[in-house]
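These notes are about the structure you will find just below.
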Amino acid sequence: MLRLSVLLLLTSLWRSLLSAATPESSVFLPAPQNLTITSYNFRNTLRWSPVNGINGTVSYNVEFCWDTEQHCKKTNCTNTTKPECDFDNKHFHTVILRVRAQQGKLKSAWTKTASFQPKRDTVLGPPRSITIVTEPGLLVVRFLPPFDHTSNFTAFGYSIDYWDSSTHEIMTKYTDDLEYSFTDLKERTEYCFQIKAILVQDKRPGQKSDRHCKQTATSVATTIISVTLIFGCVIFIYVAIFLCLIVIRKYRSKIKIFWQAPLTIPSHYEEDLKNSEMIMDEELQNCAGEDTWDTLSVITNAEQSQTLTASLMKINK
């Protein structure tokens, strides 16, 4: 009986030694390769190349590891058949992930990633739901954070770039709130805005939003001044028209004389009078029989005037 107990004990020890000498990694399945982690707004995904099994479907197990591979725990990706795993790291620790393929009792070796730190490696997206509200004398920019958060590790500040669309001179404002009022803008001018979130603890900026543009409205003071000027111009025009009618009625005759065109000699007669050679003796003789006159003077050059006067006096005699 004693010999049988000793024999069973030796057999058990031999099996234990064999199990220890043969790790789970020394099997036939190849280990997963090409492990990559993508992270956007702290949504993390691990992907790898599929493993070709012997027969049937290959499943995968993913684990978190801290510091060394001696402190690891399972993730929500256990016995998954997809070559990817969406994992969460709520405490934002620096971790290493490892993946192993399995098919039945066959298991591959573990393949691990490089260290992953969410606040360092994630891509922080732009703010969401950006709206610009026009109010008299100002523009109000409202938005939401890149994602809903409740942790102090993801507290955000916001940097707002803005510029006049006609000059493109970029200015920047910083705020911790989800809206900002711009009061130092020109009226009736289009302004454009781009916003990015910044992690407060690490001062790490995220991606900029798309460009959003809006034209400023007219302030109340400017509106009052414009209405007053328009009303004053209308009154002035009516008063000016009324005074003009009174002046026209009172000084009608003088205005009529002033606007009457002066008497002028027709151009063809004026040319004939300037050219004395065109006046022929026969024409003057024909004209002498119809009317009588003592003298006739033609205003022209001095010598020509004397000649014509003498000729006319002879004809009259």
Side-chain angles (χ1 to χ4, degrees), residues 130-143 160-173 175 177 179-195 211-279 283-284 287 290-309 312:
I130 298 174
T131 58
I132 303 173
V133 180
T134 303
E135 296 183 6
L138 56 87
L139 286 178
V140 181
V141 180
R142 298 188 177 101
F143 47 87
I160 306 175
D161 293 340
Y162 68 103
W163 63 92
D164 181 346
S165 61
S166 63
T167 62
H168 300 284
E169 181 181 355
I170 298 177
M171 296 163 282
T172 304
K173 297 291 185 181
T175 181
D177 300 324
E179 71 173 47
Y180 192 89
S181 298
F182 290 86
T183 58
D184 54 346
L185 305 179
K186 294 182 289 185
E187 298 178 1
R188 296 180 181 179
T189 304
E190 185 182 62
Y191 283 88
C192 296
F193 301 85
Q194 280 188 307
I195 310 171
R211 184 178 63 178
H212 297 262
C213 299
K214 194 79 171 182
Q215 186 175 16
T216 54
T218 305
S219 64
V220 177
T222 304
T223 302
I224 293 174
I225 292 173
S226 300
V227 172
T228 302
L229 289 175
I230 293 173
F231 183 76
C233 290
V234 172
I235 296 298
F236 175 79
I237 291 172
Y238 276 109
V239 171
I241 293 173
F242 179 74
L243 292 176
C244 288
L245 292 175
I246 292 177
V247 171
I248 291 172
R249 184 174 181 181
K250 185 174 182 179
Y251 301 99
R252 182 185 303 173
S253 58
K254 293 182 178 181
I255 294 173
K256 187 175 181 181
I257 294 172
F258 177 78
W259 287 104
Q260 187 175 5
L263 296 176
T264 57
I265 300 174
S267 59
H268 59 282
Y269 286 119
E270 187 177 3
E271 292 177 359
D272 293 342
L273 292 174
K274 287 181 179 180
N275 189 1
S276 59
E277 294 179 358
M278 295 182 62
I279 302 177
E283 294 179 357
L284 293 175
C287 292
E290 298 176 0
D291 296 313
T292 59
W293 60 83
D294 295 330
T295 60
L296 176 64
S297 299
V298 177
I299 301 173
T300 180
N301 296 333
E303 297 179 356
Q304 295 176 350
S305 178
Q306 292 177 0
T307 304
L308 289 173
T309 303
L312 291 173

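The model shown is predicted, which means the values in this text are computed figures rather than measured ones.
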For a side chain to side chain contact (heavy atoms under 4.5 Å, CB included) check, start with the C-alpha distance between F193 and K173, then their side-chain angles and the critical distance, and finish with the verdict.
CA-CA 11 Å; F193 301 85; K173 297 291 185 181; over 6 Å; no

I want to check something: taking the side chain as every heavy atom from C-beta on, are [X] and [Y] in contact at a cut-off of under 4.5 Å?
X: M171; Y: Y162; result: yes
X: I160; Y: F182; result: yes
X: Y191; Y: V141; result: no

Using the salt bridge (Lys or Arg N to Asp or Glu O under 4.0 Å) rule, collect all pairs that involve residues 232-247, keeping only residues at least two apart or in two chains.
none

Would you check if the side chain of T216 reaches a backbone N or O of R188 as a donor-acceptor pair within less than 3.5 Å?
yes

Polar side-chain atom of T175 near backbone of Y180 as donor-acceptor pair, under 3.5 Å
no

Between [X] and [Y], what is the shortest heavy-atom contact and its length?
X: K214; Y: I132; value: CB-CG2, 3.6 Å
X: Q215; Y: T134; value: O-OG1, 3.5 Å
X: E190; Y: D164; value: O-OD1, 3.5 Å
X: W163; Y: Q194; value: CH2-OE1, 3.9 Å
X: H168; Y: S165; value: NE2-O, 3.1 Å

As an exercise, state the distance from CD of E179 to CD1 of I130, rounded to the nearest 0.5 Å.
13.5 Å

